[in-house]
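Worksheet: the structure to be examined is printed underneath.
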Amino acid sequence: MDELITIEFDGGSRGNPGPAGIGIVLRAQDGTPLLTLGRFIGRATNNVAEYQALIIALQKAQELGAKKLLIRGDSELIIKQMNGEYRVRHPELKPLYEEAYQLLHQFKEAKLEHNLRHKNTLADKLANLAMDKKKEVTEAEDPSPLDEPTPTPASPGDRLECMRCGMVVEVRTPSSLRPHQLKSLTCQCGQKMVGPD
């Protein structure tokens with residue numbers, strides 16, 4: 001396969017260390033996703049999860065027969081370590097760096113770029129979905145059930161909490177919409193907010 005393959009990778013941990021997941025996307029030269037994968041990796045730090053994501057992505061690119069890679073990740077630390085701009089000092093990261101380095105140098109061409117978080121959304125969604133489900137996922141969309149109940153109207157003083165990141169919102173003035181027009185509140189991290197039962 002002579003076409004340029006773009007890898008987008010992301011790793012995350014809830015707690016750092018805590019439950020961790022990885023997300024990878026391999027795209028054809030025209031941007032079409034060839035492979036999407038999210039995987040729960042157990043307990044790890046953010047940086048360990050980022051390296052695990054890069055390693056799995058490189059292995060998957062090998063399986064596809066890729067020769068030329070453009071690799072994008074939103075971890076500036078990992079990208080700069082892989083490009084030789086930063087030294088790898090943490091003993092837990094050294095073997096992961098060495099494995100990623102060995103894999104990287106098996107390709108004819110490989111370029112690493114820092115990808116801003118908002119341009120890495122599919123890999124991020126896959127990692128978060130894998131952490132939520134605690135298993136491997138291949139689709140980022142997690143359809144809601146068709147008969148999802150209508151959200152109940154909020155009252156002044158209600159507190160809504162995100163079960164993923166812990167953000168709490170207190171209602172001062174509730175919406176004036178009718179109940180059937182209301183939508184569930186979504187946190188900035190993408191998780192639905194939970195109110196009082």
(message) Tell me which one of Thr36, Leu37, Thr138, Thr121 satisfies side chain to side chain contact (heavy atoms under 4.5 Å, CB included) with Leu126.
(response) Thr36
(message) Leu54 and side chain to side chain contact (heavy atoms under 4.5 Å, CB included): which single residue from Asp10, Ile71, Ile79 fits?
(response) Ile71
Rounded distance (nearest 0.5 Å) linking atom [atom1] of [X] with atom [atom2] of [Y]:
| X | Y | atom1 | atom2 | result |
| --- | --- | --- | --- | --- |
| Asp132 | Lys134 | CG | NZ | 8.0 Å |
| Asn83 | Leu112 | CG | CG | 5.0 Å |
| Asn16 | Arg43 | CG | CZ | 9.5 Å |
| Lys94 | Arg87 | NZ | CZ | 7.5 Å |
| Glu113 | Thr6 | CD | OG1 | 8.5 Å |
| Glu8 | Lys119 | CD | NZ | 11.0 Å |

Min side-chain heavy-atom separation [X]-[Y] under 4.5 Å:
| X | Y | value |
| --- | --- | --- |
| Leu70 | Ile7 | no |
| Arg14 | Asn128 | yes |
| Ile56 | Arg39 | yes |

Between [X] (side chain) and [Y] (backbone), is there a donor-acceptor pair under 3.5 Å?
| X | Y | value |
| --- | --- | --- |
| Gln29 | Leu4 | yes |
| Asn120 | Asn115 | no |
| Asp30 | Thr32 | yes |

(message) Tell me whether Arg172 is salt-bridged to Glu170, with the criterion being a basic N under 4.0 Å from an acidic carboxylate O.
(response) no
(request) Taking only Lys NZ, Arg NE, NH1 and NH2, and the carboxylate oxygens of Asp or Glu, determine whether Glu109 and Lys67 approach each other closer than 4.0 Å. (result) no
(request) List the steps and the verdict of side chain to side chain contact (heavy atoms under 4.5 Å, CB included) for Leu96 and Val48. (result) CA-CA 8 Å; Leu96 296 169; Val48 166; 3.9 Å; yes
(request) Given side chain to side chain contact (heavy atoms under 4.5 Å, CB included), test Phe9 with Arg72 step by step and report yes or no. (result) CA-CA 7 Å; Phe9 73 94; Arg72 294 180 170 152; over 6 Å; no
Over all heavy atoms of both residues, which pair between [X] and [Y] is shortest? Give the atoms and the distance, please.
| X | Y | answer |
| --- | --- | --- |
| Met131 | Phe40 | CA-CD1, 4.0 Å |
| Ala53 | Gly11 | CB-N, 4.4 Å |
| Val168 | Glu161 | CG2-CG, 4.0 Å |
| Ala44 | Ser13 | O-OG, 2.7 Å |
| Ala49 | Ala20 | CB-CB, 4.3 Å |
| Phe107 | Gln62 | CZ-CG, 3.5 Å |

(message) As a quick check of understanding, evaluate side chain to side chain contact (heavy atoms under 4.5 Å, CB included) for Leu129 and Lys135, giving each step before the final call.
(response) CA-CA 9 Å; Leu129 196 54; Lys135 66 177 190 176; over 6 Å; no
(message) When you compare the side chains of Glu99 and Tyr51, does any donor N or O come within less than 3.5 Å of an acceptor on the partner?
(response)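 No pair is found: no donor N or O on one side chain lies under 3.5 Å from an acceptor on the other.
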(message) Do Ile5 and Ile24 sit in one hydrophobic cluster, given that two such residues count as connected whenever their side-chain heavy atoms are within less than 4.5 Å of each other, even indirectly?
(response) yes
(request) Could you tell me which residues satisfy salt bridge (Lys or Arg N to Asp or Glu O under 4.0 Å) with Glu76, sequence neighbours excluded, listed by chain and number? (result) Lys80
(request) Could you check Leu104 against Gln106 for side chain to side chain contact (heavy atoms under 4.5 Å, CB included), going step by step and ending with a plain yes or no? (result) CA-CA 5 Å; Leu104 185 68; Gln106 292 175 22; over 6 Å; no
